[in-house]
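Take a look at the structure set out below.
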Amino acid sequence: MPDPTIRVRIAPSPTGPLHIGTARTALFNFLFARHVGGTFILRIEDTDVARGSEAYERDILEGLDWLGIPWDEGPDPAGGGDVGPFGPYRQMQRLDLYRAAADRLLAADLAYPCFCTPEELAADRAAQEAAKLPPRYVGRCARLTPDERAARLAEGRRPVTRFRVRSGVVGWNDLVRDRIEIDTANLGGDFVILRADGTPLYHFTVVVDDAAMEISHVIRGEDHVGNTPKHILLFEALGHPVPEFAHLPLILNPDGTKMSKRKGQTALDDYRAEGFLREGLVNYLAYLGWSPGTEEDVLPLHEIVARFDLAKVHKGGAKFDRERLEWLNGQWIRRLPPDELIDRLRPFLERAAADGRIDRVPDDEELRALLPIVQERLPTLAAIVDLVGFLWTDTIRADRTTLVPKRWDAATTSEALLAARELLRTHDQVTWEADELEPPLRALAESHGWKAGDLFMAIRVAVTGRTATPPLFDTLVALGPERSLARLDAATEALAEPA
RNA sequence: GCCCUCAUCGUCUAGAGGCCUAGGACGCCACCCUUUCAAGGUGGAGAUCAGGGGUUCGAAUCCCCUUGGGGGCACCA
């Protein structure tokens, strides 16, 4: 049952690649909207021209799109025109709206021009700091007469526009944190809403846009709690009903501070590049600060939507736990249908080939045959190369020390490898299958008095170059008789070389 | 300095006065399975519910204080 009165938004600023925290906030907005049948809007807050870039905007749209949390209104991720009746959805295309809103505030004397110079403001702040007072605008220009303003204008000084902060207490019933009240005396004085060049600042654009776009619920990070009174004041000054607010707990670094690039991996793109699935990421992110209250850990998006409830969102922050993310991702990889897994693995193989980490890319058929032995061994998609990259590499390097099993010496290893090679060479190639390869090799070990495990380990390292691999006989099958024999030869040669 | 705010195993969490001698999951340890590595199964260690006061027949759950943590105080968003 769609509810047109419920409208939420994610409003990222393109000043960096899509942040995992932004993705989480977007997800919670999406979950809330879908759960109640509301509308999920994406708005680009690009008024910080100095730090923003179009490349970042693309990264954000692409990342959100990839995550699988589609917005109902906003820029078209494919690069087309905006979608939705409240556009445009990029703030730099809405400048006249802010200008008009500011004019209304100016006309009602709810805002005023301020001619203070950056130097004056810096001096004020320094003085306040020295006196151990909280920083705040002193109000030098708050009560300028028309003549004084005209005089300054005549000097060629360009004023910023400041919003008059009224005295009193502003409060709201936060949907996750309950009642919050803040005395406006602690807001830092009258704040700037328009720069001298007329471009608007954050606090002003959010409110003008949230009002214009009829946003009913503002769901954002806890770091915005202190901004909320300013926004409420602005809504009131603009004569617009104040929306509901819900402040989400922050995602934290391992040391408990707000997640940052310095102390953690924050770009969604980096997780994507490592081969984390959207399903795993979404599942994990949804469980940071929220839980369905049941004992289900692996939950698909539509189930999360069905169970989501803002009232059950936590108040305290949650540390980002990569181990748990990896486990969850593995769960999702194991749940992927074969064809789907193959499709998702492909880009990672192509990338590995481009980087020279493997020499060729397997086709779908080869990959499909491999899935039974790799699917349960992948914590991430990118791990495929590490796991079985030796299958697509022309030459492997197996050094002498790893070639010789723990309980063996080089001579025994050579002897065993030679015997195994001979056995495999004469093995019927039509029955080059795991079930057919195992018995004769076991018999070989027994006849020489070797432990089967030692023999298998020697062969494993000889044909793969590593001690940890998928099951040996499946590996030999994937390798094929020709390459298996060649690698056994190369290994014996390596052992024969003087150390 | 000021304002706001949070507080259950190492981590993510269940818990909305008696069901809690606090449950699950990740991680860790052991065992089983086993040719290695995983996956899977079983079991285990791990939280005097930050501390102290109340309220109550009864508190992890309600109130107060303390402590500790976090967030915020821009012509950034």
- Task: May I ask you to check whether A:Tyr112 and A:Phe163 place their ring centers less than 6.0 Å from one another?
- Result: no
- In terms of side-chain geometry, is the basic nitrogen of A:Glu222 or A:Lys258 positioned less than 4.0 Å from the acidic oxygen of its partner? no
- Message: So for A:Arg460 and B:rU35, does any side-chain atom that can act as donor or acceptor lie under 3.5 Å from a complementary atom in the base?
- Response: yes
- Query: By a strict heavy-atom criterion of less than 4.0 Å, which residues belonging to residues 438-457 of chain A are in contact with RNA chain B?
  - Reply: A:Arg442, A:Phe456, A:Met457
- Item | Electrostatic pair A:Glu181-A:Arg179, nearest N-O below 4.0 angstrom | yes
- Query: For A:Glu296 and A:Thr294, does a side-chain donor sit closer than 3.5 Å to a side-chain acceptor?
  - Reply: yes
- Item | Proximal nucleotide (of B:rC2, B:rA25, B:rA77) relative to the A:Asp297 side chain | B:rA25
- Message: Among B:rC26, B:rA77, B:rA14, which nucleotide has an atom closest to any side-chain atom of A:His203?
- Response: B:rA77
- Task: Determine the Euclidean distance between corresponding P atoms of B:rG18 and B:rG41; express it in Å to zero decimal places.
- Result: 33 Å
Produce the list of close N/O pairs, under 3.5 Å, pairing protein atoms with atoms of nucleotides 16-23 of chain B; give distances to one decimal.
unit_1: B:rG23; atom_1: O2'; unit_2: A:Glu295; atom_2: OE2; d: 3.2

- Task: Please list, by residue number, the residues of residues 282-291 of chain A whose heavy atoms come closer than 4.0 Å to an atom of RNA chain B; answer none if no residue qualifies.
- Result: A:Tyr287, A:Leu288, A:Gly289, A:Ser291
- Message: Is it true that A:Thr464 and A:Arg460 share a donor-acceptor pair across their side chains at a distance under 3.5 Å?
- Response: no
- Item | Side-chain ion pair, A:Asp209 and A:Arg9, N-O less than 4.0 Å | no
- Task: Determine: side-chain N/O of A:Lys258 to OP1/OP2 of B:rG71, distance under 4.0 Å, yes or no.
- Result: no
- Message: Quick one about A:Asn329 and A:Trp327 (side-chain donor to acceptor, distance below 3.5 Å, no hydrogens or angles considered), yes or no?
- Response: no
- Query: Side chain of A:Ser13, backbone of A:Glu45: donor and acceptor closer than 3.5 Å?
  - Reply: yes
- Between the side chains of A:Arg262 and A:Thr257, does any donor sit under 3.5 Å from an acceptor? no
- Message: Does either side chain, that of A:Thr380 or that of A:Glu274, offer a donor lying less than 3.5 Å from an acceptor on the other one?
- Response: no
- Message: Within the 3.5 Å criterion, strictly below it, is a donor on A:His231 or A:His203 matched to an acceptor on the partner's side chain?
- Response: yes
- Item | Distance between P atoms of B:rC57 and B:rA50 (Å, rounded) | 25 Å
